[in-house]
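Notes for the one structure printed next.
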Amino acid sequence: MGSRIRTDRGKPQSEAPVLDVRHYSMAYDTEAGTTTALDDVSLMIWRGETHALVGESGSGKSTLAWAITRYMAENARDTGGAILLSGEDMIGKGRAELEALRGRRIAMVYQDPSSSLNPTMRLGEQLTEVLIRHRGMTKTEAWVEGEAALARTGIVKPAEMMMRYPHECSGGEKQRVVIATAFACNPELIIFDEPTTALDILTANQILDLFIRLREETGVAALYITHDLGLVARIASKVSVIHKGKIVEQGDLETVFGAPEHPYTRKLLAALPRPEDRLALPAPTEDTPLFEARDVGVQYNAPGWLTRLLDKSAAAHWGARNITLDVRPGELLGIVGESGSGKSTIAKAATGLNPFEGEIRFVGRSFASRDAFDRKYRRDVQIIFQHPDSSLNPRETIGGILSRPLKLYKLCPAGEVRQRVRELLEMVLLPADYASRYPHQLSGGEKQRVAIARAFAAEPRLVICDEITAALDVSVQAAVARLLVDLQKRSGAACIFITHDLNLIRQLAHRIVVFQRGALVDAFDVADAGSPERHPYTQALLNAVPVPHRPEDQPDLMEPQA
Amino acid sequence: MSHFTLSRRHVLMGLAASTALPGMSFAQGATPVSGGTLKISHSTRIATLNVLSLSGPAEYPCIDMLYSGLTRTGLDNQPHPDLATEWSANDDATEFTFILREGVTFHDGTPFTADDVVATYEAILNPDIPSAARSVLKMVEKVEAVDDLTVKFTLSAPFADLPYSTAHANARIVSRAALDGDLTKLDTTANGTGPFKLETYDSARMVRLVKNENYYKPGQPYLDAVEMMLFPDLAAETANFLSGATDVMLTVQQADFQRISDSAGVDAQQVGSGRYVCVVMRQDQEPWNDVRVRKAFGMAVDRELLVDVILEGLGRPAYDSIVAPELEYATDKPVIPYDPEAARALLAEAGYPDGLKVTLVASDRPAIRAQTAIAIQQTAGAAGFDVEIKTMPHDTYLAEEWMKGDFYIGYWGMQPTIDATYNLLLTSDASYQDTEWKNAEFDALVAEGRSTVDPEKRAEIYAKAQALELDESPYIVPFYEDVLTASRETTVDWHIAPISRFFFIEDVWMNKA
Amino acid sequence: MRKILKSPTGIIGVILLTIVLFATVFGPWIAPYDPQAFDARARLQGPSMAHWLGTDQYGRDLLSRILSGAPSTVAFGLGATILGVGVGSVIGVIAGVAGGRTDSIIMRILDGMLAMPELLFTLLIVTFLGGGTTQAMLAVAVTFTPGMARIARSAVLSVRTREYVLAAQARGESRAWIVGREVLPNALGPIIVEATIRVSFAIMIGATLGFLGLGAQPPSTEWGLMVAEARQFMFRNPWCVAVPGLAIAITALGFNLFGDALRDAFDPKRGH
Amino acid sequence: MSLAYFLRRLGAVLAVLCIVSVAVFAITTILPGNAALMILGENASAENLAAMERQLGLDQPVLVQYLHWVGGVLHGDFGTSLRLQLPVAQIVGEAFWNSMALAAIALVGVTVIAIPLGTFAALKRGTIWDLGIGLISYVGTALPEFVTATLLLVFFADPVRQLLPAGGFVAPAEDFGGFIKHAILPSATLGLILMAHISRQVRSELSEVLTSDYVRAARLKGVPEGRVIRRHALPNSLAPAVAVISLDIGYLLGGIIVVEEIFAWPGLGRLLIYALQNRDLPVIQAVTLLLAVVYAITNLIADLIIAKLDPRVRYA
């Protein structure tokens with residue numbers, strides 16, 4: 001199971017904290033008046049310690065990071081308290097002081113290395129910049145030191161990497177450069193703002209390892225911002241849970257996770273997907289497949305004739321190739337894989353959104369191309385997308401959106417459409433009066449429920465869910481997953497659930513298939529996930545994701561596992 | 001030699017009598033100084049130097065400098081000796097003999113002889129070669145060189161005004177060599193006998209001419225060079241002139257005349273001319289076939305207002321005759337007052353009691369055409385003429401309206417004689433018969449006038465013809481436009497002939513002292 | 001609308017447009033004089049009580065001429081834009097929706113048309129059509145077409161990959177329904193914004209054609225033509241060129257500011 | 001930039017030129033009137049007209065005229081101007097350099113002023129400075145060239161004050177000072193719209209870049225603000241600005257037509273109007289094609305510059 005490496009526990013706390021946030025409050029001046037963004041936040045981090053700041057989107061966790069670095073919006077206002085960096089108050093420091101301090105004493109690692117690196121500058125220059133600025137090196141010295149710093153982050157050819165532009169590197173490489181830059185001047189404090197969220201599972205895992213190693217080597221104090229509770233257990237010794245600008249719970253990891261006091265913390269913990277909490281319905285008994293893909297392949301970007309003429313190597317790119325899988329009635333098939341592995345491609349092929357080669361069979365009928373999909377097939381196979389914000393037509397009311405499948409497939413008489421829409425809304429636990437609202441008046445989770453309702457309105461036999469929980473907050477994710485299973489139970493529909501969240505899929509699926517670079521590499525029964533016969537890639541994926549433990553498992557949680 | 005006495009002896013029998021003509025120096029007593037470059041600004045492109053066919057306002061001064069003709073029209077509007085030192089006609093004016101000037105050479109040094117004259121006139125009369133002067137020389141049957149310095153013209157019909165025709169701006173003498181060669185070379189090169197030689201021809205900016213050291217007038221031209229500078233934008237041209245960047249503004253717009261003449265160091269000239277705008281009415285069509293309608297329209301035009309507003313007072317009202325008062329034998333024309341009531345009454349009498357709705361077409365170039373149309377629309381409204389104006393680009397106008405339309409604005413330059421004027425437009429076989437007004441009596445009168453030598457008889461005949469024109473009102477002619485030009489005071493003896501195609505730049509000198 | 005009125009530029013735009021549209025609708029009625037009436041005694045005057053904006057070379061009242069020219073000037077801008085935007089959008093939507101070969105053929109042709117500088121293109125067309133207001137309007141519309149088609153196409157393309165459109169496709173909706181109900185309503189925003197800004201271009205190009213003598217013809221009170229006609233007199237009375245010139249500028253500015261504010265309102269990312 | 005991309009672009013340009021040339025030829029022959037009529041003007045009697053048409057070759061069938069022209073062009077001979085009777089290459093060549101000089105002065109002047117102005121506005125975003133620069137640039141874009149030109153003339157070329165020449169041209173070889181003096185007003189006219197447009201573009205791009213993650217990251221590295229703007233923000237906002245400038249070349253080439261006409265600048269624009277008025281087909285053809293080629297080439301150059309400025313851009 002997931003590894004947990006928390007080596008920073010038990011440091012002596014005699015010295016002064018590196019970061020000491022005392023009863024800090026901050027507010028934004030808006031036209032509507034003053035809105036409090038941070039309310040009486042206190043937080044201390046000692047040398048060598050990693051303090052996790054956990055919260056959902058909009059909780060104020062990033063705001064706090066900006067406040068510590070004093071990088072604040074023009075309408076932001078300190079309304080009380082102090083922020084001490086090694087005893088020095090950050091509040092009231094002038095621009096020159098801050099410029100001298102940032103990068104040298106406080107450094108930061110960001111969520112998305114693609115956007116935090118300047119696209120038009122060589123990585124070397126971006127890295128050496130801090131060395132020249134803060135350590136007074138010459139350009140040549142800085143370049144040598146820069147290569148060394150990159151080497152320390154595990155980059156194989158640092159000299160070459162220095163000459164590259166960001167777009168010429170992978171996400172993991174970029175994040176290593178950012179980390180090397182952050183560590184370059186041996187700062188007292190580094191703020192990590194969700195540094196692995198934008199990365200693939202395996203890369204994220206490597207970056208975490210790197211973080212832990214560098215922390216050990218340098219003894220830096222770290223504020224680690226994340227929404228991923230599973231991750232926290234792996235790296236931090238102290239946790240602050242932030243909710244609506246307030247720290248609702250703070251303390252040692254063991255205490256907070258083991259015996260959460262605040263209801264919000266409990267809710268967060270409870271929402272964590274744990275493979276052992278099976279949500280899935282009993283596995284179907286029927287063996288005749290409902291849906292079958294036989295050698296299905298999807299091609300992208302066929303090159304033009306001129307390109308082909310000039311560049312013989314130019315060829316189409318396979319989004320997915322030779323995919324064979326099946327789904328039985330009532331079954332939930334999980335598809336996992338990293339981004340670009342072809343899992344969404346196949347979903348789109350199955351719903352006629354991508355042209356495909358090979359054959360798709362559905363209840364005994366065979367389809368050789370997407371043009372063969374008829375209305376019956378399309379009604380029987382429904383798809384739900386990832387982004388709730390874009391999956392509903394913004395210019396249509398919720399009622400209009402939900403009534404569309406009813407009218408299209410003539411599922412109920414015109415006079416009963418409104419009633420049916422109410423039922424659908426109630427089915428996904430939304431108030432019936434939402435029918436007259438527009439999508440932008442709904443929250444993300446609510447929109448996703450509407451999208452689910454729309455899919456089930458067609459009374460389908462197979463629902464394809466393409467990362468439908470990825471864009472949602474943890475607490476909402478769980479609810480949506482439960483709703484899905486509930487609907488599946490009620491309708492008897494089978495389901496293909498595409499996700500990169502291994503813990504979640506292990507809760508939901510009966511069987512799992514693993515995609516890697518456009519190919520299906522592994523398929524197994526969910527119970528066999530831990531089997532040593534699994535494909536190495538599957539094993540790597542499973543190992544990269546720590547399985548969170550429930551609060552009751554205190555003894556287990558206390559024991560570090562190598 | 002002539003066998004009869006003539007008061008206008010020098011027309012039929014020209015002599016190189018006065019070298020003072022046409023230069024009537026205003027800088028009395030001052031001795032001309034040689035040297036200097038005269039910069040003349042103009043606003044229309046010098047698109048060609050083809051002396052046979054050109055017609056651009058800025059092209060005329062160029063050929064006037066580059067070429068000489070047999071005769072040349074002076075400021076007095078009479079033909080004067082040029083390459084011909086004297087000429088004479090037979091009794092019935094069907095044969096003319098021109099004695100040529102001795103020792104004249106073309107710019108390239110080749111001598112000028114009678115053969116060049118013959119070649120030139122043959123070219124002018126050749127229907128395969130576009131030439132502007134042909135219309136006034138149609139009666140020439142034969143041109144022959146009697147000897148190297150004598151040329152004889154034989155005419156198919158008597159024509160007393162031949163020396164006027166030989167003075168036509170486009171009837172300049174070109175060397176036989178040039179005419180035998182590639183005619184398109186005439187567009188961009190010039191080998192004339194005029195006071196100046198072509199140095200550079202850049203139609204986009206400047207045409208530069210330099211002194212012809214071998215010009216036949218001794219000591220002339222005074223100027224070392226003349227630069228014809230193009231300023232398509234009038235404001236730019238004016239500003240450059242006023243700032244002293246140019247010495248002469250070839251043409252001054254009415255709008256700027258007052259301001260320019262008020263400026264210090266500037267001499268603005270206003271030369272009364274027979275240039276006019278006219279309203280063309282096709283008389284083979286309703287409603288213009290009714291003379292009452294034409295007359296009514298004449299009364300509906302407020303000529304004083306047009307002169308004031310469009311010409312800024314720089315012109316004279318005209319009363320529906322195309323014969324300018326400057327021309328010999330021109331009669332005084334009765335004033336046609338602006339009388340919308342009378343016009344309305346006449347219109348009613350002609351069968352239009354409720355007025356008349358008409359569409360008046362005007363080309364957009366030059367602006368005076370559309371301006372006249374707009375002003376006429378204003379004044380004619382009160383007389384029951386509901387005039388709608390259709391302004392069109394000049395190219396479209398030339399192709400579709402000119403000589404074809406039934407109601408449009410024409411614009412003509414001054415001709416040297418009544419005969420030329422009438423033969424251009426009004427006789428039945430006129431070159432540009434655009435009204436379809438055909439009157440046998442009028443034709444006969446013009447033909448008679450042309451062959452009559454006795455001036456008194458001619459005056460009588462032409463008076464009758466003009467009376468006929470007035471009776472019938474084939475055109476509405478609201479005004480004559482003055483020729484406007486300006487020079488800096490340091491530029492002495494800058495003149496434009498009323499006909500605005502003759503300039504005598506060889507007389508000009510720079511008083512920069 | 002409320003969003004537009006939040007930015008200072010938006011407010012100015014709305015104020016200017018209100019003035020211009022007021023003049024367009026009521027101009028001919030509230031003009032104090034006959035815009036064509038000569039007054040030989042009051043030529044080239046500066047502003048006075050009798051003539052608020054002065055008079056031109058024929059003593060015609062400039063205010064009345066500006067007011068009477070407003071409808072044709074604004075109609076020109078709107079007409080050319082609506083025509084160009086309409087045709088362009090249809091082409092763009094067709095290209096965007098059809099995709100594939102149709103799309104690339106259409107786009108190649110449009111690229112070809114766009115390879116000519118705009119005014120040059122307009123000039124050639126208007127010369128071809130023979131000058132005059134209608135011809136100039138058509139020419140501007142034709143000039144606008146390729147650019148608008150591209151904008152419409154890209155708007156359609158950006159909407160076409162939205163998940164709600166994919167959802168409709170997966171559902172098996174007809175193409176017409178998808179285009180009409182899902183794509184168009186959501187692609188309309190950028191098209192409308194662009195159209196608003198283009199009105200000001202159209203007005204400016206129209207005035208320029210009038211100025212060059214290829215658009216409106218005398219005695220029209222089109223503003224560009226007024227500048228051209230009065231240019232001779234600009235040193236004698238600067239008002240007679242400044243007034244129509246500024247009228248063009250104000251109108252163009254109004255549409256421009258309004259269009260930009262509209263864009264900001266449509267696109268929250270660009271908002272201040 | 002891949003070869004395929006380059007060839008495709010080149011092919012597109014050639015195709016456009018073909019279409020343009022056929023279109024221009026067709027247009028001009030459909031039009032009423034021809035060069036002969038325009039040359040003769042009031043002397044266009046039927047006889048003269050026929051003679052002139054024969055002389056100019058206009059009596060030939062249109063297709064023959066076109067093929068003749070194309071044949072010439074393929075041999076590098078653009079024919080002879082119908083109106084001016086000079087080789088088209090010569091007329092157009094001179095005009096071309098004059099136009100390019102004007103355009104270059106305008107473009108360089110504009111770039112030098114507009115980019116700092118836009119930068120300044122972006123840095124002072126939301127202040128009165130920003131608003132002021134914004135409004136000025138809005139007004140700039142709302143003034144058609146002929147209005148700007150006329151207003152500039154009224155102010156600077158007033159015959160009383162005469163601060164600057166009201167128009168005309170002095171060859172730089174003859175008098176460079178005079179050349180510049182004459183170029184000031186026309187290039188200022190051309191520049192105003194461009195300046196407004198480019199500074200606005202720089203401002204908006206830069207403001208967007210300034211709120212980007214990597215600028216924030218640079219600031220949080222302690223990079224001094226000056227360097228943040230110079231090294232981090234500006235290069236990233238320049239590529240889009242160059243894209244806009246390259247599109248503005250289109251405006252510039254169009255604007256030249258009007259501005260040259262007003263300021264009597266002997267360039268392509270004036271030549272084109274003159275040729276249009278006179279139905280001088282070979283000249284219309286040559287000028288149109290040349291302007292299209294210039295536009296295409298500048299766009300290509302702009303693409304190259306963008307690719308240079310932004311390493312991410314790889315045209316395929």
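Keep in mind that this is a model prediction, so the values were computed, not measured. Naming: A, B, ... by sequence-line order, numbering from 1 per chain.
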Margin query: For D/L74, I'd like to know if atom CG has over 12 heavy atoms of other residues, nucleotides or ligands within 6.0 Å.
Written below: yes
Check: So, A/H167 side chain and D/P311 main chain: donor-acceptor pair closer than 3.5 Å or not?
Finding: yes
Margin query: I'd like to check A/Y110 versus D/R216 (side-chain heavy atoms, cut-off strictly below 4.5 Å). Are they in contact?
Written below: yes
Notebook entry, point to check: How about D/D310 and A/Y165: do any of their side-chain heavy atoms sit closer than 4.5 Å?
Noted result: no
Check: Under the side-chain hydrogen bond (donor to acceptor under 3.5 Å, both in side chains) rule, what pairs show up with a residue in residues 290-300 of chain D, not counting sequence neighbours?
Finding: D/S246-D/N299
Report the option among [options] that has the most heavy-atom pairs separated by less than 4.5 Å from atoms of chain D.
options                : answer
A/E125, A/R122, A/Q126 : A/E125
A/Q111, A/R102, A/R95  : A/R102
A/A96, A/P119, A/S114  : A/P119

Notebook entry, point to check: Taking only residues two or more places apart in sequence or in another chain, which ones pass salt bridge (charged side-chain N to carboxylate O under 4.0 Å, His left out) with A/E88?
Noted result: A/K93, A/R105
Checklist line | Under 4.5 Å from a heavy atom of chain D, the part of A/I106 involved | finding: backbone
Next item on the list: Please state whether the side chain, the backbone, both or neither of A/R70 comes within less than 4.5 Å of a heavy atom of chain D.
Entry: neither
Of the non-hydrogen atoms in [X] and [Y], which two are nearest, and what is the gap between them?
X      : Y      : value
D/L220 : A/M108 : CD1-SD, 3.8 Å
D/Y214 : A/L117 : CB-C, 3.5 Å
D/A217 : A/S116 : CB-O, 3.4 Å

Notebook entry, point to check: Hey, are A/Y71 and D/R219 close enough side-chain-wise for a donor-acceptor pair under 3.5 Å?
Noted result: yes
Note to self: Counting heavy-atom pairs closer than 4.5 Å to chain A, which one of D/P224, D/P235, D/A233 comes out on top?
What the structure shows: D/P224
Check: Please walk me through it: do A/E129 and D/K221 pass salt bridge (charged side-chain N to carboxylate O under 4.0 Å, His left out)?
Finding: CA-CA 8 Å; A/E129 210 170 30; D/K221 283 197 291 192; 3.1 Å; yes
Next item on the list: Check each atom of D/R227 against the heavy atoms of chain A and say whether the ones under 4.5 Å are side chain, backbone, both or neither.
Entry: side chain
